[in-house]
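Written below as structure tokens is the structure these notes are about.
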Amino acid sequence: MARHLITSALPYINGIKHLGNMVGSMLPADVYSRYLRQRGHDVLYICATDEHGTPAELAAKEQGLPVAEFCAQAHDAQKAVYDGFALAFDYFGRSSSQQNVEITQHFARRLNDNGFIEERAIRQVYSPADGRFLPDRYVEGTCPHCGYDKARGDQCENCTRVLDPTDLINPRSAISGSTDLEVRETKHLFLLQSKLQHEVEEWVSRHEDDWPQLASSIARKWLNEGLHDRAITRDLDWGVPVPADTWPELAAEGKVFYVWFDAPIEYIGATKEWADLDPENRDWKSWWYEADDTVRYTEFMAKDNVPFHTVMFPATELGVREPWKKVDYVKAFNWLTYYGGKFSTSQKRGVFTDQALEILPADYWRYFLIANAPESDDSSFTWEHFTATVNKDLADTLGNFVNRVLSFSRKRFGDEVPAGGEPGEAERKLGEEIARLLAEYEAQMESLQFRKAAAALRALWSAGNSYLEEKAPWLEIKTDKEGAALTLRTAMNLIHLYAVVSEPFIPATSAAMRQAFTLTDDTATWVTADEAKSLTSVPAGTPFTVPPVLFAKLTDEDLENYKERFGGEGA
């Protein structure tokens, strides 16, 4: 089986993330990782908190904490939420780790040795009120391209254009709000991306036909506009230090590397963090170095992160002139909006991941978000849509099927799976349909089409309900007890099948369904086509229990309460 390296975009350290961030990177990466593991592949899923740059310093300043202490606390808080969402990282690291410092500095030295880093004197924004230079996010203002008045000095969130602080119209300090800004000269390191343009173009051209159109179009747009040399150091107190053995003057001035230089390298750094916990059994380099023929690497991210992963990081890897693994497939997502607008902490608009878990268990959110993932275009979260999806798909289609099959069988046949007669035409047709739908589900998961995969999974659940309605064991038992027993045994085998194949989407619920049956040897990680056709994995005589209600239906009162708390149309 193949070895699969999977990474999701590193969540910024400054605060708990909203549902859009979850569905745009970490959750689909987890679903895919779980699926691949079930199919027998060797999988390494790596993520980490992105702890450098101005967001960390500004957030720490707001809380009155040293930035290192703030980041340590925030990392633990984020990890607790991701554990609550059952994200099965192999390792969730920190970009402030010593491993990332060492590898980032190694990359910088190699780029410098190869002529791709240059020290330049530049004119940079300086705030007399703050007594310091203001790098990227310390400067806010109006985007010169789209007119968005809350653009940052590194990128406009509205049009995704990459900016320099001096590009902004009506700039102001993000620290003090002062508009009394000056432009002074200082020295920084530049990555000479212009010298790597041709190599990056060749590399992208070999991959872009396989990527989603969203990822390839953004990469091509950047390349068509031409790669510009990019400053990769900043005047900050917190970050990966410029190594003194190579740039003593800049190191003495306290320069650190730009967060977008070291953050992607943390994918490698976090893998080394993972390996260093068990060095005798874990080889981090086998995943990253000379691994083109042995590892398939898939990255998950929202569209605003695509340029850095399809152009800037590959340019860095190409420039070091070492055989570091580069991404094979970029799964890019559009944005999840909240009633068509942006999620906003300050305006109390939208649902954040910690709040979501306070309301309902993770599986409700996992299923809804993946079933409505913003793949082809932006999608809008509304409480009406969420409530309808939970009630129809989870409570009625899956939950009700499980409950009524097990409850009715226990009532009429006791606490063991009934035997019944031999399968007939209805069971043969059901098996063929289940095998067909399972193949569709597998195909969509293999191609990373998550909404279509969710639709195929939902169709699997629906097939059980159709079979139950056709056979109607509550009527069948009046005239053919053996026939009713067969129907229920077949339906129980469907429940076990659902438990296995639904695990990537709803792991806790899948575990509850699986644990309903006391099987002596239940080691199945997936279901073959023949097993799907025969539906015999749970034999007659197997003890079973009826689990608690898997999914509670949401009421109109619930809907109105959610809208009142979080905002929404009519609230």
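Not measured: the values here are computed from a predicted model.
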Between [atom1] of [X] and [atom2] of [Y], what distance do you get to the nearest 0.5 Å?
{"X": "L398", "Y": "S510", "atom1": "CG", "atom2": "OG", "value": "8.0 Å"}
{"X": "R428", "Y": "L535", "atom1": "CZ", "atom2": "CG", "value": "13.0 Å"}
{"X": "S537", "Y": "D522", "atom1": "OG", "atom2": "CG", "value": "7.5 Å"}
{"X": "W474", "Y": "L488", "atom1": "CH2", "atom2": "CG", "value": "9.5 Å"}
{"X": "L357", "Y": "Q355", "atom1": "CG", "atom2": "CD", "value": "10.5 Å"}
{"X": "S376", "Y": "F333", "atom1": "OG", "atom2": "CZ", "value": "11.0 Å"}

Does the side chain of [Y] come within less than 4.5 Å of [X]'s, by heavy atoms?
{"X": "V327", "Y": "T7", "result": "no"}
{"X": "V351", "Y": "H18", "result": "no"}
{"X": "D363", "Y": "P361", "result": "no"}
{"X": "E273", "Y": "L277", "result": "no"}
{"X": "L460", "Y": "I434", "result": "yes"}
{"X": "Y82", "Y": "P11", "result": "yes"}
{"X": "K331", "Y": "P212", "result": "yes"}
{"X": "E560", "Y": "T555", "result": "no"}

Does the separation of the ring centres of [X] and [Y] fall below 6.0 angstrom?
{"X": "Y267", "Y": "H309", "result": "yes"}
{"X": "Y367", "Y": "W461", "result": "yes"}
{"X": "Y339", "Y": "W383", "result": "no"}
{"X": "H385", "Y": "F368", "result": "yes"}
{"X": "H75", "Y": "F92", "result": "yes"}

Tell me whether [X] at atom [atom1] has more than 12 heavy atoms from other residues, nucleotides or ligands lying less than 6.0 Å away.
{"X": "K326", "atom1": "NZ", "value": "yes"}
{"X": "D278", "atom1": "CG", "value": "yes"}
{"X": "E557", "atom1": "CD", "value": "no"}
{"X": "E422", "atom1": "CD", "value": "no"}

Side chain of [X], backbone of [Y]: donor and acceptor closer than 3.5 Å?
{"X": "T397", "Y": "L394", "answer": "no"}
{"X": "S97", "Y": "R94", "answer": "yes"}
{"X": "D378", "Y": "P374", "answer": "no"}
{"X": "S380", "Y": "G340", "answer": "yes"}
{"X": "N100", "Y": "E266", "answer": "yes"}
{"X": "K150", "Y": "E157", "answer": "no"}
{"X": "E476", "Y": "E482", "answer": "no"}
{"X": "N14", "Y": "A59", "answer": "no"}
{"X": "S216", "Y": "W211", "answer": "no"}
{"X": "Y329", "Y": "L448", "answer": "no"}

Let me have the donor-acceptor pairs involving side chains of residues 408-415, under 3.5 Å, with sequence neighbours excluded, atom names and distances please.
none

Exercise. For Y297, which of F313, W288, W287 qualifies under ring-ring contact (aromatic ring centres under 6.0 Å, His included)?
Worked result: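 Checked F313, W288, W287 against Y297; only one passes ring-ring contact (aromatic ring centres under 6.0 Å, His included): W288.
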For this session: Would you please test E503 and Y35 for side-chain hydrogen bond (donor to acceptor under 3.5 Å, both in side chains) and show each step?
Result: CA-CA 8 Å; E503 194 266 350; Y35 169 76; over 6 Å; no
Exercise. D50 and V259: side-chain contact (heavy atoms from CB on, under 4.5 Å), yes or no, with the steps?
Worked result: CA-CA 8 Å; D50 183 0; V259 63; 3.2 Å; yes
Between [X] and [Y] (salt bridge meaning N to carboxylate O under 4.0 Å), is one present in this structure?
{"X": "D354", "Y": "K17", "result": "no"}
{"X": "D328", "Y": "R296", "result": "no"}
{"X": "E469", "Y": "R404", "result": "yes"}
{"X": "D276", "Y": "R282", "result": "no"}
{"X": "K452", "Y": "E375", "result": "no"}

Which heavy atom of [X] sits nearest to which heavy atom of [Y], and what is that distance?
{"X": "R489", "Y": "G421", "answer": "NH2-O, 3.0 Å"}
{"X": "I359", "Y": "R565", "answer": "CG1-NH1, 4.1 Å"}
{"X": "P504", "Y": "V501", "answer": "CD-O, 3.4 Å"}
{"X": "S407", "Y": "V546", "answer": "OG-CG1, 3.7 Å"}
{"X": "L468", "Y": "A491", "answer": "CD1-CB, 4.3 Å"}
{"X": "S33", "Y": "I6", "answer": "OG-CD1, 3.2 Å"}

Problem set entry | K342 charged N/C atom sitting above Y148 aromatic ring, 6.0 Å / 45° |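 That pair qualifies as a cation-pi contact.
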For this session: Would you kindly say whether Y338 and T382 are connected by a side-chain donor-acceptor distance under 3.5 Å?
Result: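 Absent: no donor and acceptor within the cut-off.
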Problem set entry | Worked verdict on Q449 versus S447 for side-chain hydrogen bond (donor to acceptor under 3.5 Å, both in side chains) | CA-CA 6 Å; Q449 295 295 315; S447 60; 5.0 Å; no
Problem set entry | K553 and its side-chain hydrogen bond (donor to acceptor under 3.5 Å, both in side chains) partner, picked from N400, D558, D396 |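 The residue from N400, D558, D396 that satisfies side-chain hydrogen bond (donor to acceptor under 3.5 Å, both in side chains) with K553 turns out to be D396.
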Exercise. Relative to each other, are the rings of F386 and F381 parallel, tilted or perpendicular (30° and 60° limits)?
Worked result: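 Taking F381 first and then F386, their aromatic rings sit tilted (interplane angle of 30° to 60°).
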Exercise. Any idea how F450 and F300 line up, ring-wise: parallel (<30°), tilted (30 to 60°), or perpendicular (>60°)?
Worked result: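 Rings of F450 and F300: tilted, 30 to 60°.
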For this session: Check step by step if side-chain contact (heavy atoms from CB on, under 4.5 Å) holds for T525 and V500.
Result: CA-CA 7 Å; T525 59; V500 174; over 6 Å; no
Exercise. Is there a salt bridge (Lys or Arg N to Asp or Glu O under 4.0 Å) between D30 and R366 once you walk through the steps?
Worked result: CA-CA 10 Å; D30 177 73; R366 288 178 62 101; 2.7 Å; yes
For this session: Report the C-alpha distance between H4 and Y45 in whole Å, list the side-chain angles of each, state the deciding distance to 0.1 Å, and finish with yes or no for side-chain contact (heavy atoms from CB on, under 4.5 Å).
Result: CA-CA 8 Å; H4 286 267; Y45 176 24; over 6 Å; no
